Amino acid sequence: MKKIHFLGECMVELRAGDASTMHQSFAGDVYNSAVYLKRVFPEVATSIVTAVGQDNLSDKMVATFEQESIDTRYVFRHESKVAGLYLVETDETGERSFTYWRSDAAARKVVDFLNSDVLAELATGDMFFFSGISLAVIEEDARSLFWEKLELLKNAGIKLVFDPNYRARLWRSEEQAKEQFERALHVSDIALPGVEDLTELYGVDSAQGVIDFCRPFGLQELVIKNGPGSVVTFESETLLTHKITPVTNVVDTTSAGDAFNGVYLGARLTGQAVSGSVQLAAKAAGIVIQHPGAICPVAAFDAVKS
Ligand code: AMP
């Protein structure tokens with residue numbers, strides 16, 4: 001059985017309902033990817049590597065992971081911290097805004113839990129995914145330890161997969177984000193950047209620009225997302241452009257890239273070629289953006305498989 005581990009943070013999501021209620025769910029880039037991967041490829045063992053608290057919402061979060069058949073053996077329980085939280089609000093023009101309470105979240109401590117026994121188990125996997133958000137969330141003084149642990153996984157032959165997923169507000173400075181991203185690209189085997197991720201930091205605004213930027217890092221596989229624009233891949237010295245059918249009824253693009261990543265990696269893990277994997281991933285993302293929120297209903301998402 002193929003195995004993939006997703007390291008990062010899942011948060012409590014609050015979304016305004018009517019005047020006096022809030023709808024509560026769970027979301028976070030690596031969690032979203034794990035959910036969508038598992039829904040399409042139940043045969044791939046999929047786990048989340050994170051830390052939560054001992055509070056009731058953390059319990060519900062773990063129960064939600066289990067409902068989605070995500071392996072929770074690497075969901076560690078911090079003794080005093082709690083899960084991070086964010087509020088999504090939509091104004092009268094449909095513009096969304098986000099407020100976060102995550103600066104002291106349990107997930108920031110995840111590296112503390114990656115002891116040698118845990119690493120030995122993670123080293124039996126096939127892929128290990130982390131994102132720019134995962135990196136930003138890890139406490140600054142734990143990052144060098146994180147890179148050491150990642151190096152151990154790489155030396156054990158695990159494919160390291162990185163999506164920059166740049167969120168300016170999570171970083172102390174652009175320089176800090178760039179330094180961490182370049183380190184990530186250097187160590188990774190597969191990268192799944194969106195063109196937009198690199199625009200603000202590096203002034204890159206096209207798929208070709210991303211290829212030129214990434215080439216010196218020697219990635220085995222590069223998959224470049226560009227909203228409704230073509231996906232461009234570079235693998236085994238082969239450059240391919242994959243047309244995307246634009247969705248006309250876009251409701252909410254939250255987690256389009258996450259759904260794409262999860263399904264793409266699931267397809268690759270189960271032996272599909274790059275082109276077929278991109279087509280399936282784009283189909284999945286195209287469904288997700290026709291529904292509000294990060295996680296779309298199971299029944300709607302089932303169309304990916306048809
Ligand atoms: P993004 O993170 O915005 O680059 O989007 C990730 C993926 O979601 C893209 O590579 C597409 O497969 C899909 N996607 C995003 N926006 C659209 C759209 N308007 N129509 C169809 N697919 C889209």
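Keep in mind that what you see is a predicted model, and the values were worked out from it rather than measured. Just follow the structure's listing: the first ligand is 1, and inside any ligand the first atom is 1.
Counting heavy atoms closer than 4.0 Å to ligand 1, residue T253 contributes nothing at all. With a 4.0 Å cut-off on non-hydrogen atoms, V231 touches ligand 1 through its side chain and not its backbone. Proximity of V250 to ligand 1, defined as any heavy-atom pair under 4.0 Å, is confined to the side chain (atoms from C-beta onward).
Checking only distances, G194 never comes within under 3.5 Å of ligand 1, N or O to N or O.
In terms of protein heavy-atom proximity, atom 22 (N) of ligand 1 is closest to I244 CG2, 3.6 Å. The nearest heavy-atom contact from the protein to atom 11 (C) of ligand 1 is G227 O, 3.3 Å. Residue, atom and distance of the protein heavy atom nearest to atom 19 (N) of ligand 1 are P228 CB, 3.6 Å. V247 N, 2.8 Å is the protein heavy atom nearest to atom 20 (N) of ligand 1. Shortest contact from atom 13 (C) of ligand 1 to any protein heavy atom: A285 CB, 3.6 Å. Of all protein heavy atoms, the one closest to atom 23 (C) of ligand 1 is I289 CD1, 3.7 Å.
Residues F130 and F162 place their aromatic rings such that the two centres sit under 6.0 Å apart. Between F301 and Y36, the gap from one ring centroid to the other is short of 6.0 Å. Checked against a 6.0 Å centroid threshold, the rings of F129 and H5 do not count as neighbours.
Taking every heavy atom of both residues into account, G293 and R15 meet most closely at CA-NH2, 3.4 Å. Nearest heavy atoms, A273 versus S277: O-OG, 2.7 Å.
Taking every heavy atom of N226 and a limit of under 4.0 angstrom, the matching atoms of ligand 1 come to 4 (O).
Within the structure, the closest approach of V288 to ligand 1 does not fall below 4.0 Å when heavy atoms are considered.
For the pair K60 and F26, the NZ or CZ position fails the cation-pi test of under 6.0 Å to the six-membered ring centre and within 45 degrees of the ring normal.
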